[in-house]
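First the proteins, then the strands, lettered A, B, ... as listed; each starts at 1.
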Protein chains: 2
Amino acid sequence: MAKNFIYLCEMLLSPSQENYLKAIYKLEAREGIATNQALAALVEATPASVTNMLRKLTDAGFAEYEAYQGATLTAAGRNEAVTLVRKHRLWEVFLVEKLQYDWDAVHALAEELEHIGGDELINRLDAFLDHPAYDPHGDPIPNAKGVVRTRQHAIAASDAKEGDVFVVCGVRDSSSLFLQHLDKLNIALGKAYTLKECLEFDRSAVWVEQEGALTNVSNEVAKNVLIQLTDE
Amino acid sequence: MAKNFIYLCEMLLSPSQENYLKAIYKLEAREGIATNQALAALVEATPASVTNMLRKLTDAGFAEYEAYQGATLTAAGRNEAVTLVRKHRLWEVFLVEKLQYDWDAVHALAEELEHIGGDELINRLDAFLDHPAYDPHGDPIPNAKGVVRTRQHAIAASDAKEGDVFVVCGVRDSSSLFLQHLDKLNIALGKAYTLKECLEFDRSAVWVEQEGALTNVSNEVAKNVLIQLTDE
DNA sequence: GCCTTTTTTTAGTCATGGCTAAAAATTTTA
DNA sequence: TAAAATTTTTAGCCATGACTAAAAAAAGGC
Ligand SMILES: [Mn+2]
Ligand SMILES: [Mn+2]
Ligand SMILES: [Mn+2]
Ligand SMILES: [Mn+2]
């Protein structure tokens, strides 16, 4: 009977398991492999809990994992993770576009909403939102087939040279603190700037908006802002 | 530290606890008190599990409960329950109005969505949906203050007399099976009919639409359809 | 008013997903 | 390469919310 149930449900994952898969996915993309410690930090649990969960995910066929080495996702696991990322980002779009939330306030809610429902719900939401390509933080939204369109030519703003013209297209740090700081600097996705000068002393920079307004950007901020260089 | 946490969180309830509160609320409205057995049926658990949970809810101050007697809600518990009902019904409106779900397919999803977020989210959703007064099944949506506007003058269709003119305004049974049956009969909320005749043999009735179409309605169906009588 | 049936509670168990503290393995440093 | 530091695993514990089976209480029938 239990086995029957599993069969019928196509092996459904708990919210906690889903969070782990998403965390492995992120770390794998960033570092190639997900270490126990990094996972513990991402899912906000102890290393002991991570070991425990990794065993379960491995047994269930979603992750591969060698003791002391770290974890990677199987094809099935990657599939789940990409779907989760899709759900998370679509809900973020919904919260910002439709419910008028600020971009720094949606992450926690999306973290809950992403665990609800299946393909039907998320595809309807996707259609309702007109198949958005990016979430409110500029991160690309995987499509229904699980294909992730990677952002073209994005570099960190800290790598721009004097005279460069660019458009802000994303952030490296999606924390509320950083996003609110960008709000204070009046920096938002889609805005165009010219890099007027780089100050050698603290590597801070002066950006000039097309309307002429000046913004002072610390190197710490610039490293976490993603931009696309414009032709001219 | 644990106590501190509780204090900061204003005592937050688990999804399971919330489902129990909602179930007690419903039974209390229907029967005056929620018996162990009825609760077990509603939350789909065993009576033993119910006893267990009732003790917790009582200790936490959300329910009152005397062994062998049944449970009722405290003011705090009723508050939570009404908020849950509000959340459930608003999400149902969203799913039907915005995501084009059929009215028979939204209950299970709303059952999950209702546990997410707090007042902020639900009030924004409410505003986005233009403060709807009723959910897709004709059930009234409590407002942000927890006031439930009760449906005026609604009676079961089985209580209508020959010659009565009425509008369908709700259902007693929100099961997928029943709602799909109404779809097949072409009966929907807001539609107006005249009761042409009641057949003595099986207490079934013939309804006539304003456009002249006839619908044969069994007594079993009529008992589960709510209507408002129209003047003329 | 007793006896049977139904309802509820108790007792004991289990799975999940956390935790801590200690042991073991790995990596870094000297 | 041996000692120190770090990382990971193990062992044991806990809370939650289920379950079953048995005992106890309440309600009905005659
Ligand atoms: Mn999540
Ligand atoms: Mn995002
Ligand atoms: Mn629910
Ligand atoms: Mn409803």
Discussion item. What residues from residues 25-43 of chain B pass a heavy-atom cutoff of under 4.0 Å to DNA chain C?
Written reply: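 Within this stretch, B/Thr35, B/Asn36, B/Gln37 sit under 4.0 Å of the strand.
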Fill in: Closest contact, heavy atoms only, B/Pro140 versus B/Val148
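Distance-wise, the nearest heavy atoms are CG-CG1, 4.5 Å.
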Fill in: Smallest separation among heavy atoms of B/Asn219 and B/Ser158, with atom names
ND2-CB, 3.8 Å
Test your reading of the model: is there a side-chain donor-acceptor pair from [X] to the backbone of [Y], 3.5 Å cut-off?
| X | Y | result |
| --- | --- | --- |
| A/Asn123 | A/Asp119 | yes |
| A/Asn143 | A/Lys145 | yes |
| A/Tyr101 | B/Leu121 | yes |
| A/Arg124 | B/Leu99 | yes |

Distance check needed: [N] [atom2] versus [X] [atom1], whole Å only.
| X | N | atom1 | atom2 | result |
| --- | --- | --- | --- | --- |
| A/Leu54 | C/dG18 | CG | C1' | 15 Å |
| B/Glu66 | C/dT9 | CD | P | 11 Å |
| B/Leu13 | D/dT16 | CG | P | 12 Å |

Any residue meeting ring-ring contact (aromatic ring centres under 6.0 Å, His included) with [X], in chain and number order, not counting sequence neighbours:
| X | result |
| --- | --- |
| B/His115 | none |
| A/His181 | none |
| B/His137 | none |

Worksheet item: Among all residues two or more places apart in sequence or in another chain, which pass the side-chain contact (heavy atoms from CB on, under 4.5 Å) test with A/Ala127?
Response: A/His131
Fill in: For A/Glu97, side-chain contact (heavy atoms from CB on, under 4.5 Å) partners two or more places apart
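Only A/Val93 meet the side-chain contact (heavy atoms from CB on, under 4.5 Å) criterion with A/Glu97.
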Worksheet item: Does B/Arg55 place a side-chain N or O at less than 4.0 Å from the phosphate oxygens OP1/OP2 of C/dT10?
Response: yes
Worksheet item: Salt bridge or not for A/Lys22 and A/Glu18, using N-O below 4.0 Å?
Response: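 Salt bridge flag = no for A/Glu18 with A/Lys22.
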Worksheet item: Do other residues, nucleotides or ligands put more than 12 heavy atoms under 6.0 Å from A/Arg203 CZ?
Response: no
Discussion item. Give me each pair satisfying side-chain hydrogen bond (donor to acceptor under 3.5 Å, both in side chains) with a member in residues 34-61 of chain A, each pair once, sequence neighbours excluded.
Written reply: A/Asn36-A/Thr51, A/Thr46-A/Ser49
Worksheet entry | Axis bend over the full length of the helix from C/dG1-D/dC30 to C/dA30-D/dT1, computed from five pairs that close each end, to 10 degrees | 0°
Identify each atom pair where a protein N or O and an N or O of nucleotides 15-17 of chain C are less than 3.5 Å apart, giving names and distance.
{"from": "C/dG17", "atom 1": "OP1", "to": "A/Ser14", "atom 2": "OG", "distance (Å)": "2.5"}
{"from": "C/dG17", "atom 1": "OP2", "to": "A/Lys56", "atom 2": "NZ", "distance (Å)": "3.0"}

Might you list the N or O atoms of the protein lying below 3.5 Å from N or O atoms in nucleotides 20-25 of chain C, with each pair's distance?
{"from": "C/dA25", "atom 1": "O4'", "to": "A/Tyr68", "atom 2": "OH", "distance (Å)": "3.2"}

Worksheet, complete the sentence: salt bridge (charged side-chain N to carboxylate O under 4.0 Å, His left out) filter on B/Arg172, not counting sequence neighbours, yields none
Practice prompt. Check DNA chain D against residues 110-118 of chain B and give the residues with a non-hydrogen atom under 4.0 Å, in numerical order.
Written response: none
